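One is the number of the first residue; the rest follow in order along the sequence. Please read these numbers as outputs of a predicted model, since none were measured by experiment.
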Amino acid sequence: YGGNLVAYNHNCPICDFQVLNVITDKSNYFVCPHCFKNPPLEYKNNINNCDKDIESISMQTMPCFKCTFDGCQLARKPESIVMKCSLCKNRDLILRKKKDGNAYFIGCKGFPDCKKSIWIEGFVRDLRVTTDKCLN
């Protein structure tokens, strides 16, 4: 895939393989070598529904950002809808985590047609959408 592989300090909780960090000129993402080539059926539900994938990755493979396993910090989490997009007015803004796992942002589900995004400060390590309303 034209990048460098670096061992990451994390074992896949599904198969216990060492996770690798794939570093290319255009991106940085994580893969479990076993799950990448042998996606577990129960955790690849959203593989074909990813909004934006790295072009060179086949739909038959599963990098960590396509996995939905709840017990892994690198896996894609179910979509958390924040509100309707104020820019395009017809899609939802959803909470997302960068593929490298180091930051959160809120982005329009209409990307790339709608570019609305709100970046969250990098020091935030855990973030969840709730139904609680702000009192202020």
Side-chain angles (χ1 to χ4, degrees):
Y1 292 95
N4 294 320
L5 297 175
V6 178
Y8 186 66
N9 190 22
H10 181 79
N11 281 20
C12 175
I14 298 170
C15 65
D16 203 37
F17 269 67
Q18 171 74 49
V19 171
L20 301 174
N21 188 359
V22 179
I23 303 167
T24 70
D25 291 339
K26 295 182 179 182
S27 64
N28 179 13
Y29 59 96
F30 299 101
V31 297
C32 161
H34 179 74
C35 292
F36 184 76
K37 283 299 201 182
N38 308 289
L41 292 178
E42 62 271 28
Y43 303 118
K44 71 173 196 171
N45 299 339
N46 293 325
I47 280 182
N48 294 323
N49 295 327
C50 290
D51 293 325
K52 182 180 180 193
D53 293 330
I54 298 168
E55 292 177 18
S56 63
I57 295 176
S58 160
M59 293 313 283
Q60 301 304 313
T61 60
M62 189 172 77
C64 296
F65 66 84
K66 288 185 181 179
C67 181
T68 60
F69 181 66
D70 193 40
C72 182
Q73 66 188 23
L74 302 174
R76 177 184 185 94
K77 303 300 181 218
E79 290 182 347
S80 297
I81 298 172
V82 177
M83 61 187 283
K84 281 287 183 204
C85 179
S86 60
L87 185 61
C88 73
K89 310 258 190 258
N90 63 349
R91 300 296 299 265
D92 292 322
L93 290 176
I94 58 174
L95 179 64
R96 297 179 179 217
K97 197 169 191 179
K98 283 180 49 181
K99 289 182 174 94
D100 66 9
N102 290 329
Y104 288 94
F105 68 100
I106 297 169
C108 183
K109 214 172 156 166
F111 182 84
D113 296 328
C114 181
K115 306 266 193 269
K116 175 73 174 183
S117 63
I118 303 164
W119 288 90
I120 311 298
E121 292 292 331
F123 62 83
V124 175
R125 294 289 172 228
D126 190 30
L127 194 60
R128 293 184 187 95
V129 174
T130 70
T131 57
D132 298 342
K133 302 279 183 194
C134 261
L135 299 176
N136 295 335

Who passes salt bridge (charged side-chain N to carboxylate O under 4.0 Å, His left out) against Lys116, sequence neighbours left out?
none
Counterpart residues, side chain to side chain contact (heavy atoms under 4.5 Å, CB included), relative to Asn90 (two or more places apart):
Cys88
Could you measure the distance from the CG atom of Leu5 to the CD atom of Gln18? Nearest 0.5 Å is fine.
11.5 Å
Hydrophobic cluster membership, Ile14 vs Phe17, 4.5 Å side-chain cutoff:
no
Could you state the interatomic distance from CZ (Phe69) to SG (Cys35), rounded to the nearest 0.5 Å?
9.5 Å
Nearest heavy-atom pair of Cys85 and Leu93: which atoms, and what distance?
CA-CG, 3.7 Å
Check: Leu95 and Tyr104 side chains under 4.5 Å, non-hydrogen atoms:
yes
When you measure from the side chain of Lys37 to the backbone of His34, do you find a donor-acceptor pair of N or O atoms at a distance under 3.5 Å?
no
Side chains of Val6 and Leu20: closer than 4.5 Å at any heavy-atom pair?
no
Which atoms form the tightest heavy-atom contact between Leu87 and Cys114, and what is the distance?
CD2-SG, 3.8 Å
Between Asn21 and Asn28, does a side chain to side chain contact (heavy atoms under 4.5 Å, CB included) hold up when you go through it step by step?
CA-CA 7 Å; Asn21 188 359; Asn28 179 13; 2.3 Å; yes
Could you tell me the separation between the OH atom of Tyr29 and the CD1 atom of Ile23, rounded to the nearest 0.5 Å?
11.0 Å
Check whether any side-chain heavy atom of Lys89 sits under 4.5 Å from a side-chain heavy atom of Lys84, and report yes or no.
no
Do the numbers put Lys115 on top of the ring of Phe111, so that NZ or CZ is under 6.0 Å from the six-membered ring centre and no more than 45° off the axis?
yes
Could you state the interatomic distance from CZ (Arg96) to OG (Ser80), rounded to the nearest 0.5 Å?
11.5 Å
According to a hydrophobic-cluster definition based on side-chain heavy atoms being under 4.5 Å apart (Ile, Leu, Val, Met, Phe, Trp, Tyr only), do Phe105 and Met83 belong together?
no
CE-SG distance between Met62 and Cys67, expressed to the nearest 0.5 angstrom
4.0 Å
I need the Asn11 CG to Cys32 SG distance, nearest 0.5 Å.
8.5 Å
Could you pull out the closest heavy-atom pair between Cys108 and Arg91, with the gap in Å?
SG-CB, 3.7 Å
Kindly state whether the ring of Phe30 and the ring of Tyr8 have centres lying under 6.0 angstrom apart.
yes
